[in-house]
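What follows is a set of notes on a single structure, which appears directly below.
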Amino acid sequence: EAGVTQFPSHSVIEKGQTVTLRCDPISGHDNLYWYRRVMGKEIKFLLHFVKESKQDESGMPNNRFLAERTGGTYSTLKVQPAELEDSGVYFCASSQSGLAGGNEQFFGPGTRLTVL
Amino acid sequence: GQSLEQPSEVTAVEGAIVQINCTYQTSGFYGLSWYQQHDGGAPTFLSYNALDGLEETGRFSSFLSRSDSSGYLLLQELQMKDSASYFCAAINDYKLSFGAGTTVTVRA
């Protein structure tokens, strides 16, 4: 079974540019999450999809971040325009069940974003 | 808000036992999970405690005490491959709130 995949693995852009990150969850997983780790800090929740619906986007930093999951399969996270403080590693995770299953989330390898 | 505290680093020798403590302050707490991360790669699920007590999974065990708002991860018979970062994560609703991670270094 393929795991969670993310593209690109690395992205280096200049301040003011736009970047789109993609996540392909494990097939059949309705729950998809985005997290971010800024260097030296903890991994922080950004948002949660159930199928194509945003269940919780309380962690999104501001309106420069837009996440979509059209069709309930893969998801994209767009940052426009990017700022220096957006640099970090963006992780995507998916899970089949919610709390009943222990909420085991399967993480992708992350996208390392560097904004210059 | 959510707050989880865990030690920043631990060093031990092969074959030893390491305990990583985690204390939490969260709202809507459902349970405590532990994740392992090698070299900044994908965090990997290790264990989950929804109820008080001990959960054992091979060489790793995890414990939760809701009355103390704390838990720990126990790594037994340490091996070199266990050198990694270990994160406790509180589950509230469907999302994970992570601690800053504990770097475990295993020496020969």
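Order of the sequence lines fixes the chain letters, A, B, ..., with proteins taken first and strands second; residue numbering starts at 1 for each chain.
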message: Quick check for you: among B/G99, B/A100, B/A89, B/A42, which has the greatest number of heavy-atom pairs under 4.5 Å with chain A?
response: B/A42
Does [X] reach the main-chain N or O of [Y] with its side chain, forming a donor-acceptor pair under 3.5 Å?
X: A/Q6; Y: A/Y90; answer: yes
X: B/T105; Y: B/T11; answer: no
X: B/S65; Y: B/S70; answer: no
X: B/R66; Y: B/A50; answer: yes

message: Determine whether A/Q17 and A/V115 satisfy the following criterion, side-chain contact (heavy atoms from CB on, under 4.5 Å), listing intermediate values before the conclusion.
response: CA-CA 9 Å; A/Q17 291 186 319; A/V115 182; over 6 Å; no
query: Taking the inter-plane angle between the rings of B/Y24 and B/F29 on a 0 to 90° scale, is it parallel (under 30°), tilted (30 to 60°) or perpendicular (over 60°)?
result: parallel
message: If you take the centroid of each ring, where Trp contributes its six-membered ring, are B/Y35 and B/F87 closer together than 6.0 Å?
response: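 Not close enough - the centres of the two rings lie 6.0 Å or further apart.
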query: Sequence neighbours excluded, which residues qualify as salt bridge (Lys or Arg N to Asp or Glu O under 4.0 Å) partners of B/R59?
result: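 Only B/D82 meet the salt bridge (Lys or Arg N to Asp or Glu O under 4.0 Å) criterion with B/R59.
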- prompt: How about residues 7-16 of chain A versus chain B: which residues have heavy atoms under 4.5 Å apart?
  reply: none
query: Which of residues 44-59 of chain A have a heavy atom under 4.5 Å from any heavy atom of chain B?
result: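 Contacts with chain B: A/F45, A/H48, A/D56, A/S58.
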query: Partners of B/S62 by side chain to side chain donor-acceptor pair (under 3.5 Å), sequence neighbours excluded?
result: B/S47, B/N49
query: Does a side-chain heavy-atom distance below 4.5 Å link B/Y72 with B/L54?
result: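 A side-chain contact exists here, since the closest heavy-atom pair is under 4.5 Å.
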